[in-house]
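Letters A, B, ... mirror the listed sequences (proteins, then strands); counts begin at 1.
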Number of protein chains: 2
Amino acid sequence: MQISSRFTVALHIFSCVDTFGDEHKVTSDFLASSINTNPVIIRRILGQLKKAGLIEIARGTGGITPTRPLSEITFYDVYKAVDSIEDEKLFHFHENPNPECPVGRNIHNLLNDKLDAIQKAMEDEMRGYTIEDLHKGMESLLAKET
Amino acid sequence: MQISSRFTVALHIFSCVDTFGDEHKVTSDFLASSINTNPVIIRRILGQLKKAGLIEIARGTGGITPTRPLSEITFYDVYKAVDSIEDEKLFHFHENPNPECPVGRNIHNLLNDKLDAIQKAMEDEMRGYTIEDLHKGMESLLAKET
DNA sequence: AATAGAAGTAACCGTTGAAATTACAACAGA
DNA sequence: TCTGTTGTAATTTCAACGGTTACTTCTATT
């Protein structure tokens with residue numbers, strides 16, 4: 001099972017905004033063309049990023065602005081914004097194990113902190129990468145293109 | 001998006017085998033009852049664990065045997081066995097970004113190693129927990145039950 | 001004030017994967 | 001041979017994702 005592409009699409013969006021935002025406006029149509037998807041898909045993801053307080057969106061005229069310095073927006077922030085439901089854990093249990101079975105009634109409690117630790121390890125690594133890292137990496141790649 | 005319950009179900013199976021395996025045989029029907037699901041679901045997961053070389057299954061008579069010491073079976077082994085497809089990464093990209101867009105043609109390459117590092121952080125943490133840990137933890141919980 | 005460009009959003013579709021279920025074939029031990 | 005159990009195919013239901021159309025709302029510009 002894979003994490004939905006909304007996450008990588010959101011990072012793609014940030015990269016476009018950082019790279020092109022100064023020269024011309026970055027609209028959902030433009031982004032959809034770069035990513036090769038539908039503008040509505042983009043708008044839905046933009047809506048999630050906005051709802052999470054990561055960007056502001058200018059209506060009518062178009063244009064996307066991060067609300068804080070790029071170095072303060074981590075991959076984790078983006079992930080949480082587009083790819084998680086309130087209180088949803090990464091792992092999930094089969095519902096209603098048999099309480100009459102000793103294992104059944106204890107397994108949830110036994111696994112919980114271990115699974116949380118695994119999820120936390122992933123999220124901590126995510127916190128180690130910022131949109132600024134992404135921006136600099138992209139600049140470096142583009143400089144190499146000739 | 002969540003990782004499928006096959007992972008926690010597989011851990012539940014191991015816990016049952018460890019806890020009850022000496023006293024009576026642990027069949028797919030018994031496991032299905034403890035987990036509260038269908039025996040066929042169990043058999044399919046058992047098939048994956050067997051295919052991965054983690055257990056052996058006695059046909060006809062029933063009975064599940066781990067193929068190596070419990071301390072040498074990690075959560076990662078179980079996860080890989082039941083919840084991943086050959087060469088499938090945890091994250092995935094939207095297919096075919098626009099090669100005419102500078103960001104579109106570089107984003108994949110730019111993100112790849114970062115996403116791999118995040119996935120690896122999760123998997124490394126998974127390697128830190130073994131079926132033996134699980135077994136001991138369950139014994140401890142059961143001892144506390146009175 | 002009217003217009004044009006763009007975001008917001010509802011409604012619907014097709015595809016995919018998970019979980020569940022039924023049914024039956026294959027196998028091993030008594 | 002009979003019985004219990006695994007192996008597996010076929011089917012169903014459901015939810016989520018990605019895609020698409022169509023329309024409304026908003027804002028800058030003319």
Side-chain angles (χ1 to χ4, degrees), chain A residues 1-10 12-13 16-17 20-21 24-33 35-52 55-65 79 82-86 88 90-97, chain B residues 1-10 12-13 16-17 20-21 24-33 35-52 55-65 79 82-86 88 90-97:
Chain A
M1 182 169 280
Q2 290 185 306
I3 288 173
S4 89
S5 69
R6 287 195 302 273
F7 178 51
T8 52
V9 168
H12 189 144
I13 288 172
C16 280
V17 170
F20 305 119
H24 51 85
K25 63 185 173 184
V26 177
T27 66
S28 61
D29 270 54
F30 173 86
L31 289 165
S33 161
I35 293 163
N36 189 27
T37 181
N38 190 291
V40 176
I41 301 292
I42 301 298
R43 283 183 217 138
R44 284 205 273 249
I45 293 174
L46 288 174
Q48 291 180 293
L49 295 173
K50 179 184 175 184
K51 195 175 168 193
I55 60 171
E56 280 175 356
I57 305 173
R59 206 162 163 168
T61 168
I64 297 159
T65 321
Y79 170 70
V82 302
D83 212 323
S84 83
I85 300 167
E86 187 75 16
E88 187 185 77
L90 180 61
F91 301 97
H92 83 278
F93 292 93
H94 197 281
E95 306 80 41
N96 310 317
Chain B
M1 184 169 278
Q2 289 183 307
I3 287 174
S4 90
S5 70
R6 287 194 301 274
F7 178 51
T8 53
V9 168
H12 190 145
I13 288 172
C16 280
V17 170
F20 305 120
H24 51 84
K25 65 182 172 186
V26 178
T27 65
S28 61
D29 268 55
F30 174 86
L31 290 165
S33 162
I35 293 164
N36 189 28
T37 182
N38 190 289
V40 176
I41 301 292
I42 302 297
R43 283 182 218 139
R44 285 204 272 251
I45 292 174
L46 288 174
Q48 292 179 293
L49 296 173
K50 180 183 173 187
K51 195 176 168 193
I55 60 171
E56 279 174 358
I57 305 173
R59 202 161 166 169
T61 169
I64 298 160
T65 321
Y79 170 70
V82 302
D83 213 324
S84 82
I85 299 167
E86 187 75 18
E88 189 186 75
L90 180 60
F91 300 98
H92 83 278
F93 291 92
H94 196 281
E95 306 79 40
N96 309 317

Give the rounded distance in Å between these two atoms: [atom1] of [X] and [atom2] of [N].
X	N	atom1	atom2	value
B:Leu49	D:dG7	CG	P	11 Å
A:Gln2	D:dA16	CD	P	18 Å
A:Ile64	C:dG8	CD1	P	9 Å
B:Ile42	C:dA19	CD1	P	11 Å
B:His92	D:dC17	NE2	P	10 Å
B:His24	D:dT5	NE2	P	13 Å
A:Ile3	D:dA16	CD1	C1'	15 Å
A:Ile45	D:dG19	CD1	P	9 Å

Base-pair string, DNA chain C, Watson-Crick plus G-U, cut-off 3.5 Å on both distances, | for inter-strand, is ||||||||||||||||||||||||||||||
With under 30° as parallel and over 60° as perpendicular, where do the rings of A:Tyr79 and A:Phe7 fit, or are they tilted in between?
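Geometry flag for A:Phe7 against A:Tyr79: perpendicular rings.
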- Considering residues at least two apart in sequence or located in another chain, which fulfil the side chain to side chain donor-acceptor pair (under 3.5 Å) criterion with B:Thr65?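 With neighbours one apart ignored, the set is empty.
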Mark yes when over 12 heavy atoms from residues, nucleotides or ligands other than B:Glu56 sit less than 6.0 Å from its CD; otherwise mark no.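 Check fails, neighbour count at 12 or below.
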For A:Thr27, the side-chain contact (heavy atoms from CB on, under 4.5 Å) test, sequence neighbours excluded, returns A:Lys25, A:Asp29, A:Phe30
Of the listed C:dA19, D:dG18, D:dG7, the closest approach to the B:Ser5 side chain comes from C:dA19
### Task
Side-chain contact test, heavy atoms from C-beta onward, threshold under 4.5 Å: evaluate it for B:Ile13 versus B:Ile35 and give yes or no.
yes
Q) Can you tell if the side chain of A:Ile64 reaches within under 4.5 Å of the side chain of A:Leu31, non-hydrogen atoms only? A) yes
Quick one: pull up CG in A:Leu90 and CD in B:Gln2 and give me the separation to the nearest 0.5 Å.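 Interatomic distance, A:Leu90 CG to B:Gln2 CD, rounded to 0.5 Å: 7.5 Å.
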Rounded to the nearest 0.5 Å, the CD atom of A:Glu95 sits from the CG atom of B:Asn36 at a distance of 8.5 Å
Which donor-acceptor pairs under 3.5 Å do side chains of residues 37-48 of chain B form with protein atoms, sequence neighbours excluded?
| residue | atom | partner | partner atom | Å |
| --- | --- | --- | --- | --- |
| B:Asn38 | OD1 | B:Val40 | N | 2.9 |
| B:Arg43 | NE | B:Ser28 | OG | 3.2 |

Subject >> Backbone of B:Arg6 reached by a side-chain donor or acceptor of B:Asp83 within 3.5 Å >> reply: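 Here the side-chain-to-backbone pair does not exist.
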With B for base contact, S for sugar-phosphate-only contact and - for none (protein heavy atoms under 4.0 Å), nucleotides 20-30 of chain D reads BB---BBSS--
Note to self: Taking only side-chain N and O atoms of A:Lys50, does any of them lie within less than 4.0 angstrom of OP1 or OP2 on C:dG8?
What the structure shows: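 So the side chain of A:Lys50 is within the cut-off, an N or O lying under 4.0 Å from OP1 or OP2 of C:dG8.
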### Query
So does B:His94 get a side-chain nitrogen or oxygen closer than 4.0 Å to the phosphate oxygens (OP1/OP2) of D:dG19?
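So the side chain of B:His94 is within the cut-off, an N or O lying under 4.0 Å from OP1 or OP2 of D:dG19.
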Ordered by number, residues from residues 25-32 of chain B within less than 4.0 Å of DNA chain D (heavy atoms) are B:Lys25, B:Thr27, B:Ser28
- prompt: Of all heavy-atom pairs between A:Pro97 and B:His12, which one has the smallest distance, and what is that distance?
  reply: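 Shortest heavy-atom separation between A:Pro97 and B:His12 comes out as CB-CE1, 4.2 Å.
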